[in-house]
Amino acid sequence: MADILSGKEVAQALGEKLKGEVDQLKSRGIVPGLAIVIVGDRPDSMSYIKGAQKKCSEIGIDCRLVQLPEDLSEKEFVSKIHQLNEDRNVHGILVMRPLPAHISEDRVKYEISPLKDVDCFNPANIAKVMSGEEGGFAPCTPSAVMEILDHYGIELGGKRAVIVGRSMVVGRPLAMMMLRRNATLTICHTKTVDLAKETSRAEILVAAAGKARMIKKDMVGSGAVVIDVGINFDENGKMCGDVDFEAVKDVAGKITPVPGGVGSVTSTVLAKHVIRACRMLIDSEA
Ligand SMILES: Nc1nc(=O)c2c([nH]1)NC[C@@H]1CN(c3ccc(C(=O)N[C@@H](CCC(=O)O)C(=O)O)cc3)C=[N+]21
């Protein structure tokens, strides 16, 4: 039976540290502020927002929900983003994805101020993740993976890491973040010829494909660290990851559960980024 890597434990430890930092800011009369922008009411986004609001209130961050109607025009959306860029009480802006089809993510992503872009929407921040430059904002979900690895002292240097999934929100940026820590990276995807062969070689295996329980026991090497980024719902409406947890836990060395794994750290990383954005603003005015 593998050791369980508890995202809840990581979120708890990080959250306590962040609360201390916010208390210090508040003693100077500063309250970190986050605006969450959602167009429409997609259930996956709404469920994340609920968790993020709760996390912010525990830590002491002022969290404002900007819920916009589904039929909002792209122009109106951009003008709302500009308004938040200018708002002095808003240090971080999170735009929920995906946006409705009539708002082009490729056009609007440039509009959010990179200094407030706490979930890496703007290509200026993506570029920093790709080049390994510090000081930008990496997306919260891959950052949550790194928080878990760091919390449990899991070394990346020289390790064979395999990521299943090449999305711009998880797989690709995570590959660059692990590469920066000197892991040897393989990225697998739907056109990978022998997926099981690739994943079995992994010392650190990350499942980020968005397919319920697709990583089976015979795809995992003995003793591997298995990180499950998937959030799916099975035929019974039960939340599950991309990993067949019940079977894989008998072969893996360490494994994250779903729920209670990566997805339970994401909102705490978001809070961390808001606090950093707040400090960046203070420093730029000092
Ligand atoms: N720009 C953007 N960033 C996102 O991070 C983002 C997004 N858009 N769009 C929607 C998806 C969905 N998503 C979830 C994350 C965790 C849970 C979740 O339930 N997580 C916990 C439980 C809740 C908690 O502890 O807060 C768990 O895994 O145990 C659900 C949904 C983020 N998303």
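Rounding to the nearest 0.5 Å gives a distance of 10.5 Å between NZ of Lys109 and SG of Cys120. Atom CG of Asp194 and atom CE of Met219 lie 9.0 Å apart (nearest 0.5 Å). If you take CG on Asp218 and OG on Ser200, they are separated by 7.0 Å, rounding to the nearest 0.5 Å.
Of the possible polar contacts, none joining the Arg213 side chain to the Gly241 backbone as a donor-acceptor pair under 3.5 Å is found. Side-chain atoms of Thr268 do not come within 3.5 Å of backbone N or O of Leu14 as any donor-acceptor pair. Put simply, the side chain of Lys17 never gets that close to the backbone of Ala13: no donor and acceptor are under 3.5 Å apart. A donor-acceptor pair is defined here as one N or O able to donate and one able to accept, closer than 3.5 Å; no such pair exists between the side chain of Asp62 and the backbone of Pro32. No donor-acceptor pair under 3.5 Å is formed between the side chain of Gln67 and the backbone N or O of Ile38.
Minimum heavy-atom separation, Ala209 to Asp242: N-OD2, 2.8 Å. Nearest heavy-atom pair, Ala52 versus Ser267, reported as atom, atom and distance to 0.1 Å: CA-CB, 3.9 Å. Nearest approach of His91 to Arg88, heavy atoms of both residues: NE2-O, 3.9 Å. Minimum heavy-atom separation, Val90 to Lys116: O-NZ, 2.7 Å. Closest non-hydrogen pair, Val169 versus Pro142, comes out as O-CD, 3.3 Å. Of all non-hydrogen atoms in Gly60 and Val31, the two that sit nearest each other are O-CG1, 4.0 Å.
Looking only at side-chain heavy atoms (C-beta outward), Leu84 and Val37 come within less than 4.5 Å of each other. For the pair Leu195 and Cys188, the minimum side-chain heavy-atom distance is below 4.5 Å.
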For Leu270 and Lys55: C-alpha separation, side-chain torsions, deciding distance, then whether side chain to side chain contact (heavy atoms under 4.5 Å, CB included) applies. CA-CA 9 Å; Leu270 174 65; Lys55 188 64 67 181; over 6 Å; no
Please test Arg180 against Glu134 for salt bridge (charged side-chain N to carboxylate O under 4.0 Å, His left out), starting from the C-alpha separation and ending with a verdict. CA-CA 11 Å; Arg180 169 125 179 103; Glu134 309 277 325; 3.0 Å; yes
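A salt bridge links Glu105 with Arg97: the distance from a Lys NZ or Arg NE/NH1/NH2 to an Asp or Glu carboxylate oxygen falls below 4.0 Å. A salt bridge is absent between Asp244 and Lys249: the closest approach of a Lys/Arg side-chain nitrogen to an acidic carboxylate oxygen does not fall below 4.0 angstrom. Of the charged side-chain nitrogens involved, at least one lies within less than 4.0 Å of a carboxylate oxygen, so that Asp87 and Arg64 count as a salt-bridged pair.
In this structure, the side chain to side chain donor-acceptor pair (under 3.5 Å) partners of Glu21, at least two apart in sequence or on a different chain, are Arg279. By the side chain to side chain donor-acceptor pair (under 3.5 Å) test, Asp117 pairs with Asn125, sequence neighbours left out. Residues passing the ring pair (Phe, Tyr, Trp, His ring centres under 6.0 Å) test with His273, sequence neighbours excluded: Phe137. Judged as a salt bridge (Lys or Arg N to Asp or Glu O under 4.0 Å), and not counting sequence neighbours, Arg276 has no contacts.
Exactly one of His82, Glu76, Lys75 qualifies for a side chain to side chain contact (heavy atoms under 4.5 Å, CB included) with Val78. That residue is His82. Just one of Glu9, Lys8, Glu16 meets the side-chain hydrogen bond (donor to acceptor under 3.5 Å, both in side chains) condition when paired with Gln12; it is Glu16. Tested against Cys140, the residues Val269, Val265, Val118 include a single side chain to side chain contact (heavy atoms under 4.5 Å, CB included) partner, Val269.
Tyr48 and Phe121 fall into different hydrophobic clusters, where Ile, Leu, Val, Met, Phe, Trp and Tyr residues are linked whenever their side-chain heavy atoms come under 4.5 Å apart, directly or through other members.
The list of salt bridge (charged side-chain N to carboxylate O under 4.0 Å, His left out) pairs with a residue in residues 253-271, not counting sequence neighbours, reads Asp3-Lys254. Applying the side-chain hydrogen bond (donor to acceptor under 3.5 Å, both in side chains) rule to pairs touching residues 27-43 yields Arg42-Asp44, sequence neighbours excluded.
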